[in-house]
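Each remark here refers to the structure printed beneath this line.
Protein chains get the first letters and strands the later ones, always in sequence-line order, with residue 1 at the start of each. These values consider heavy atoms only, across backbone and side chains, with no hydrogens, waters or symmetry-generated copies.
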2 protein chains.
Amino acid sequence: MKYSKQRDLILSIVRNTTIHPSAEWVYEQAKKEMPSIGIATVYRNLNALVGSGEIERITAAGHVDRFDGQVSEHCHMQCVRCGKLIDLYPDSEENMERLRELICETFGVEDKNVRISRTLLRGVCNKCIDSEN
Amino acid sequence: MKYSKQRDLILSIVRNTTIHPSAEWVYEQAKKEMPSIGIATVYRNLNALVGSGEIERITAAGHVDRFDGQVSEHCHMQCVRCGKLIDLYPDSEENMERLRELICETFGVEDKNVRISRTLLRGVCNKCIDSEN
DNA sequence: TTACCTGCAAACCGTTTGCCGGGAT
DNA sequence: ATCCCGGCAAACGGTTTGCAGGTAA
């Protein structure tokens, strides 16, 4: 892939936040540094970066796609009520391995078929549980 | 909710297939029985049925929303290469419970926050693994 | 030089909405 | 009689694409 100033900027924007930004948010940030940049360029490069594995796409019902530049193995949980995304970092590789084994056993799938990292789990955040009353 | 012939038809179509149909597919099927039905009606009723919990929506990156009329507790796995959706039925409630506990331990979340059912797991189907060579 | 890339605007496409007439209760 | 619901078509919103000019290799 040929170098471009734009892709470089977009990658650094996505890497330097933990808010799981949308394309629109990345575009707004990018314009601050490079006012002439177009939204199409942002989309094209986000797609390219997802394709090359440098960032991750998070797709969830009722929400625009979001992106994540954290490279370490982790998952997300989305609140089924308010849509908030929460990073879930595993406490140990051993537990990730146990999780993988248990998923295979429970659902009858083979180990080689499973990709645990980047799974979007479902849940309810504390704020939404509290406001249920 | 007021009864309607259209919603009844749409629900039975979604319930009587295991292919996880898209709105468009449901619309095509519905037209066979009720040629005057409109696509907006299909979308409105699919949304209503998801809202009332009678069917489930499956949202995955790069694909239109799909729907699932199976009421039993289960998950899905989507092939990250070809997008195919596979039903995952748990072998036992005990393992589902163990899974829940392990997820809480591994990611440091509380039991009350986790919804395992309907999680969309990530994986690679056998066909795609084979064609990797 | 020659691809590949960008910016712009228009197109795209799945989905939603406004309107008004019709059917359920 | 009421008012929710359906059909139609237009709007919507996020994303992609075609084009012509620019930039990295």
> Between the axis at one end of the helix from C:dT1-D:dA25 to C:dT25-D:dA1 and the axis at the other (five pairs apiece), what's the angle to 10 degrees?
Replying inline: 40°
> Is A:I37 touching bases, backbone alone, or none of the nucleic acid, heavy atoms closer than 4.0 Å?
Replying inline: sugar-phosphate
>> Using a 4.0 Å cut-off to any heavy atom of chain B, which nucleotides of DNA chain C are the first and last in contact, reading 5' to 3'?
In response: C:dG14 to C:dT25
>> Walk me through whether B:M77 and B:L85 qualify under side-chain contact (heavy atoms from CB on, under 4.5 Å).
In response: CA-CA 6 Å; B:M77 177 174 286; B:L85 281 174; over 6 Å; no
> Quick one: does B:I10's side chain get under 4.5 Å of B:L49's, heavy atoms only?
Replying inline: yes
>> Among A:I116, A:L121, A:V114, A:T119, which residue satisfies the side-chain contact (heavy atoms from CB on, under 4.5 Å) criterion with B:L121?
In response: A:T119
> Is the count of non-hydrogen atoms from other residues, nucleotides or ligands lying under 6.0 Å from A:E33 atom CD greater than 12?
Replying inline: no
> Checking all strands, does A:S22 fall into the base, sugar-phosphate, or nothing category for heavy-atom contacts under 4.0 angstrom?
Replying inline: nothing
> Under the 3.5 angstrom rule, does the side chain of A:T41 hit a backbone N or O of A:I37 as a donor-acceptor pair?
Replying inline: no
>> What is the separation between atom OH on A:Y43 and atom P on D:dG13, rounded to the nearest whole Å?
In response: 13 Å
> Just checking, is any N or O donor in the side chain of B:N95 or B:R98 under 3.5 Å from an acceptor N or O on the other one?
Replying inline: yes
> What integer distance in Å separates B:Q6:CD from D:dC8:P?
Replying inline: 11 Å
>> Checking the side chain of B:N113 only, and the main-chain atoms of B:V109 only, is there a donor and an acceptor separated by less than 3.5 Å?
In response: no
> How many Å lie between CE on B:M34 and C1' on D:dC5, as a whole number?
Replying inline: 12 Å
> Under a single-linkage definition using a 4.5 Å side-chain heavy-atom cutoff for Ile, Leu, Val, Met, Phe, Trp and Tyr, are B:L120 and B:M96 assigned to the same hydrophobic cluster?
Replying inline: no
> How many angstroms lie between NE2 in B:H76 and CZ in B:R66, if you round to the nearest 0.5 Å?
Replying inline: 11.0 Å
>> Main chain of B:D111, side chain of B:R100: is a donor-acceptor contact present, judged purely on distance under 3.5 Å?
In response: yes
> Taking CD1 from B:I39 and P from D:dG7, how many angstroms apart are they, rounded to a whole number?
Replying inline: 11 Å
> What's the spacing between A:Q29 CD and A:N16 CG if we round to 0.5 Å?
Replying inline: 11.0 Å
> Expressed in angstrom and rounded to an integer, what is the separation of B:N45 atom CG from D:dG7 atom C1'?
Replying inline: 12 Å
>> For a quick check, with a 4.0 angstrom heavy-atom cut-off, what is the B/S/- contact string for nucleotides 17-25 of chain D, read 5' to 3'?
In response: BB-----BS
